[in-house]
Amino acid sequence: MADRELTFEVFRFNPQKPEIQPYLQTYKLNETTGMTIFIALNRIREEQDPSLMFDFVCRAAICGSCAMIINGRPRLACKTLTNTLPNKIKLFPLPVFKLIGDLSVDTGTWFRHMSLKTESWVHTSKTFDPKAQEERMDNETANKIYEAERCIECGCCIAGCATANIRDEFLGAAGINRVARFMLDPRDERTPAEYFEVVGSEEGAFGCMGLMACDDNCPMELPLQMQLAFVRRKIAAIGLGYKPKKGIKLA
Amino acid sequence: MLLQKTLTKSNKTDLYLDLAELTSGLLLVGFLWTHMLFVATILISQDMFNSLSEFLDKYYLSYVGIPFIVVVALFHFVIAGRRIPTRMQEQRIVWQHAKMLHHTDTWTWVFQTITGMAILVLAGIHVWMVTTGWPIRAVNSAHRMESFWWFYLVLLIVGEYHAGFGIYRQFVKWGWFPRKPIGYVTKAITAIILVLGLAAMFVFVQLGGAL
């Protein structure tokens, strides 16, 4: 196994140089023990092609920077061992996110937009007292919140989602999971109607078509199906008992 | 914010559409499975099949049921069809995405939209054939099956496929049960209905040949 020669086919395109059409470039590399895609890409950049663009920070599945399409599936480069893959490995950047160049995409802008849209902060009327003891939370609630908080914002669920690929405004599993996290949080004082305003549309809870590529491709193995369904049921129940104010008409 | 979007914003439309898709879908799956069980009474005997059909006629259940299901089916096509990527570029994105991802549930959804459109046409023809050859009796059905068994074979497969994966997807979306077991259950039911349907078809074709 350790003396395989791997062939990498890597998507190359620099939006700064649109005159050069996107193409696939081939690199060859001898596999080493415990090699990940992250290690392989670094060796390619160091030994063969310093112009190759890709992202990484932590190399330990914490930062979520190195997500890319590896043989068709959105995965983390640092968490994907080459010995689980065939000799030919095809690498593409994640779709949906803004392409910076080659394998590098800007997930930050997307996630910031999502955070603002879902208002990802604890809405509270209480004034913070730095000297007071922190409010207690029961262990079960804390664990439930933590389960949703484990999201590393790598973008694999968004890239794998057919809806997100064709509907720009769709919040996707990452966004809906984020809403679930705040709905569980007893410190968040938002009313049901306020939550409905945030995700009670096809941009949120009702946009999901149930293809579950998010659930099947999440590198952190978050229970995304259950989070999406939880928000859908909750938001539907709120919506059925909720009276929005009447708007004005143009004609 | 844009004026036209601000003024047409409706808070609850998307919720109602989603619920309408769910309800009409469940109704149609319920109907289809019942329909196939009724058809399968031919496996017991011709008399059984005929008396069930006469019973449905006698209490006007067919006369109410058929138009009702036609309306629900058309309604479901419009509501669930809102999710179909209709622009050429969206189509290209979805096909490319499905080919890239090698993901079963994404492919089954692609075929669900295709079978949905196929059902609209095929079931329309089926309803036309049945209502113009009224009443439903074993002999009439046998003649129809003998001539058009290939048509019914296609309709059976696309119908059961769409219903089986449709109900699975709704369960997945609403999360009433865990995903894996519900997949097995819906697949098992679909397989049983398919077998019953094929067996009934075989009996009808035999019967048509003997007449």
Side-chain angles (χ1 to χ4, degrees), chain A residues 69-74 90 92 95-96 159-167 193 196-197 199-217 223-251, chain B residues 3-22 25 80 82-87 89-110 112-113 165-180 182-183:
Chain A
I69 303 289
I70 302 171
N71 280 355
R73 311 205 74 146
K90 240 184 183 179
F92 278 90
V96 185
C161 174
T163 312
N165 270 265
I166 51 174
R167 308 262 182 266
F196 191 84
E197 285 285 332
V199 277
S201 72
E202 293 204 332
E203 290 169 13
F206 306 123
C208 165
M209 304 194 290
L211 274 58
M212 292 297 121
C214 54
D215 195 58
D216 290 331
N217 287 303
L224 291 175
Q225 185 222 337
M226 283 307 170
Q227 299 286 57
L228 287 163
F230 163 75
V231 173
R232 197 185 209 106
R233 291 197 304 264
K234 202 96 180 174
I235 292 293
I238 294 170
L240 289 174
Y242 156 67
K243 281 211 177 96
K245 275 185 220 132
K246 271 221 156 126
I248 49 164
K249 287 201 173 97
L250 198 58
Chain B
L3 177 70
Q4 78 276 19
K5 295 220 168 148
T6 312
L7 292 183
T8 52
K9 189 172 176 259
S10 165
N11 284 311
K12 295 222 246 174
T13 312
D14 292 347
L15 164 67
Y16 289 147
L17 286 174
D18 206 52
L19 291 175
E21 183 186 335
L22 169 69
R82 79 191 189 285
R83 305 225 192 248
I84 302 174
T86 42
R87 288 195 187 151
Q89 196 185 15
E90 292 172 351
Q91 276 288 325
R92 291 176 64 185
I93 292 174
V94 166
W95 281 100
Q96 196 164 287
H97 178 77
K99 282 184 207 157
M100 174 196 91
L101 207 58
H102 311 296
H103 180 244
T104 322
D105 277 18
T106 300
W107 272 122
T108 58
W109 172 78
V110 170
Q112 225 186 326
T113 59
F165 281 108
I167 198 165
Y168 161 74
R169 214 172 293 286
Q170 287 298 344
F171 277 116
V172 163
K173 283 202 277 191
W174 291 90
W176 295 305
F177 302 103
R179 193 172 145 212
K180 287 264 149 62
I182 206 72

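Predicted model only: the values in this text are computed from it and were never measured. Each chain gets a letter, A, B and so on, in the order its sequence line appears, and its residues count up from 1.
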Q) Contact part of B:W107 toward chain A, heavy-atom cut-off under 4.5 Å: side chain, backbone, both or neither? A) neither

Q.
Quick check on B:I93 against chain A: is it the side chain, the backbone, both or neither that has a heavy atom closer than 4.5 Å?
A. side chain

**Q.** Contacting region of B:F165 [heavy-atom separation from chain A under 4.5 Å]
**A.** neither

Q. Do B:V172 and A:D215 have side-chain heavy atoms sitting under 4.5 Å apart?
A. no

Q) Do B:R169 and A:L211 have side-chain heavy atoms sitting under 4.5 Å apart? A) yes

Q: Output the option from B:R82, B:Q89, B:R87 having the highest count of non-hydrogen pairs under 4.5 Å with chain A.
A: B:R82

Q. Of the backbone (N, CA, C, O) and the side chain (C-beta and beyond), which part of A:L240 lies under 4.5 Å from a heavy atom of chain B, both, or neither?
A. both

Q. With sequence neighbours left out, what residues match B:R83 under side-chain contact (heavy atoms from CB on, under 4.5 Å)?
A. A:E202, A:M209, A:R232, B:D18, B:E21, B:K173

Q: Drop me the distance from B:D14's CG to A:I235's CD1, to the nearest 0.5 angstrom.
A: 12.5 Å

Q) Who are the side-chain contact (heavy atoms from CB on, under 4.5 Å) partners of A:A237, not counting sequence neighbours? A) none

Q.
Please classify the contact of A:N71 with chain B as side chain, backbone, both or neither, using a heavy-atom distance under 4.5 Å.
A. backbone

Q. Can you check whether A:S201 reaches B:T13 side chain to side chain, under 4.5 Å on heavy atoms?
A. no

Q. Minimum heavy-atom separation for A:R233 to B:W176, with atom names?
A. CD-NE1, 4.0 Å

Q) Most heavy-atom pairs under 4.5 angstrom with chain A, which of B:L101, B:L3, B:D105? A) B:L101

**Q.** Heavy-atom contact with chain A under 4.5 Å, split by part of B:H102
**A.** both

Q: Measure the OH-CE distance between B:Y168 and A:M212 for me, rounded to the nearest 0.5 Å.
A: 8.0 Å

**Q.** Interchain contact, A:A159 with chain B, by part (heavy-atom threshold 4.5 Å)
**A.** backbone

Q: Pick one of side chain, backbone, both or neither for A:F92, based on which atoms fall under 4.5 Å of a heavy atom in chain B.
A: neither

Q. For B:W174, is it the side chain, the backbone, both or neither that has a heavy atom under 4.5 Å from a heavy atom of chain A?
A. both

Q: Mind running side chain to side chain contact (heavy atoms under 4.5 Å, CB included) on A:I166 and B:V94 for me, showing each step along the way?
A: CA-CA 8 Å; A:I166 51 174; B:V94 166; 4.0 Å; yes

Q) Are any of the side-chain heavy atoms of B:R179 and A:D216 separated by less than 4.5 Å? A) yes

